[in-house]
Amino acid sequence: MKYAYEFIGTFFLVFTVGMVVIEPAAPLGFAPLAIGSVLALMVFAGGHISGGHYNPAVSLAVFLRGKSTANDLLLYWVVQLVGGVVAAFLVLFLKGFPAVTPFTPDVFRALVAEFVFTFALCFVVLNVATARGTEGNSYYGWAIGMTVLVGAYAVGTVSGGAFNPAVAFGASLMGLFNWTNIWIYLVAELAAGAAAAYIFKAAHPGE
């Protein structure tokens, strides 16, 4: 069941990204609000079942932090990517398979931007959803969703604001990103997830 929840949450995240970004798009400036909100809602919906990762970088951080098995990590990655693929094709169908101009970032700036806010996202997840000191809190979903909202507003024009390999993969399928740039997102985001996990562990030696 937890794998189904990861599929559903990732699906709705990538689906929302495509629907609010591809023309006809959400009103100017509202796309990050919709994306951050749907992530928060899906985290609240599935956090008690699957952990509410919906993001391979977050799953990696949780694994390295010691709260997940290698088997779960691999299966989470599979269902997250499949969720992103299904969402991407449904968006293209609903939008009428439009011609989309892909976002082409400056490589180094995009690497830095994606690393910084994917790190922030993974760091927030580890602290609000896996730490003993915040166990049982009622705000973890909004903290996670608002991190993505802030990141999208802050660096969306620099990197596209994916902060999630499944989102980057789905966005590439929809034509929002060039496939030649997919490595930027994979490298920066997975490295950020690993960095967040090791810094969390250093700050919480008892866990």
Side-chain angles (χ1 to χ4, degrees), residues 5-46 52-59 76-77 79-105 110 113-118 120-122 124-125 141-142 144-179 181-186 188-190 192-193:
Y5 269 66
E6 282 296 307
F7 172 89
I8 291 167
T10 310
F11 168 85
F12 275 103
L13 176 59
V14 177
F15 180 76
T16 301
V17 169
M19 291 301 293
V20 300
V21 172
I22 296 175
E23 296 295 336
L28 186 63
F30 280 86
L33 182 60
I35 295 164
S37 296
V38 77
L39 177 57
L41 297 175
M42 289 297 110
V43 168
F44 279 125
H53 303 175
Y54 316 137
N55 183 334
V58 170
S59 294
Y76 272 32
W77 280 1
V79 297
Q80 289 159 356
L81 290 174
V82 171
V85 168
V86 173
F89 282 114
L90 184 57
V91 168
L92 291 174
F93 171 73
L94 292 176
K95 294 282 187 175
F97 297 95
V100 179
T101 301
F103 178 78
T104 305
E114 287 294 312
F115 179 91
V116 167
F117 270 100
T118 306
L121 174 60
C122 294
V124 167
V125 170
W142 289 119
I144 294 164
M146 294 308 98
T147 305
V148 169
L149 181 150
V150 171
Y153 278 127
V155 300
T157 57
V158 177
S159 67
F163 320 132
N164 181 332
V167 169
F169 195 81
S172 298
L173 283 172
M174 290 183 276
L176 293 169
F177 295 161
N178 279 312
W179 279 109
N181 291 329
I182 191 69
W183 69 271
I184 296 172
Y185 302 95
L186 299 180
E189 292 158 2
L190 294 176

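Note that the numbering runs from 1 along the sequence shown for the chain.
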### Heavy-atom side-chain contact between T118 and N164 under 4.5 Å
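Not touching, per the 4.5 Å side-chain cut-off.
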#### Entry: Under 3.5 Å side-chain donor-acceptor pair for N181 and T104
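Absent: no donor and acceptor within the cut-off.
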### Message
Can you list everything that forms a ring-ring contact (aromatic ring centres under 6.0 Å, His included) with F163? Sequence neighbours excluded, please.
### Response
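Applying ring-ring contact (aromatic ring centres under 6.0 Å, His included) to F163 gives F117.
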[X]: what forms a side-chain hydrogen bond (donor to acceptor under 3.5 Å, both in side chains) with it, not counting sequence neighbours?
| X | value |
| --- | --- |
| T10 | none |
| T157 | none |
| S59 | H53, Q80 |

### Distance in Å, S159 OG paired with E189 CD, rounded so as to fall on 0.5 Å steps
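Here the interatomic distance stands at 8.0 Å.
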### Message
With rounding to the nearest 0.5 angstrom, report the CG to OH distance, N55 to Y76.
### Response
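Interatomic distance, N55 CG to Y76 OH, rounded to 0.5 Å: 13.0 Å.
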### Query
Taking the six-membered ring for Trp, is the centroid-to-centroid distance between F177 and Y185 below 6.0 Å?
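F177 vs Y185: aromatic centres under 6.0 Å.
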### Contacts of type side chain to side chain contact (heavy atoms under 4.5 Å, CB included), residue V79, not counting sequence neighbours
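Counting only residues at least two positions away or on another chain, V79 forms a side chain to side chain contact (heavy atoms under 4.5 Å, CB included) with Y3, E6, F7.
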### Message
Which residues pass the side chain to side chain contact (heavy atoms under 4.5 Å, CB included) test with A40, not counting sequence neighbours?
### Response
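Per chain and number, A40 pairs via side chain to side chain contact (heavy atoms under 4.5 Å, CB included) with W142.
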For [X] and [Y], which heavy atoms make the closest approach, and how far apart are they?
| X | Y | result |
| --- | --- | --- |
| L90 | F11 | CD2-CZ, 3.6 Å |
| I184 | P105 | CD1-CG, 4.4 Å |
| P56 | A166 | CD-N, 3.7 Å |
| P165 | A57 | CD-N, 3.9 Å |
| A162 | E114 | N-OE2, 3.1 Å |

### Task
Answer yes or no: are there more than 12 heavy-atom neighbours, outside F44 itself, under 6.0 Å from its atom CZ?
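For F44, atom CZ is crowded (more than 12 foreign heavy atoms under 6.0 Å).
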Quiz: residues 14-36 side-chain donor-acceptor pairs under 3.5 angstrom, not counting sequence neighbours:
residue: T16; atom: OG1; partner: F12; partner atom: O; Å: 2.7
residue: E23; atom: OE1; partner: A25; partner atom: N; Å: 3.4

Please list, one pair per line, the donor and acceptor atoms closer than 3.5 Å that link side chains of residues 169-176 to other protein atoms, with sequence neighbours excluded.
residue: S172; atom: OG; partner: A168; partner atom: O; Å: 2.8

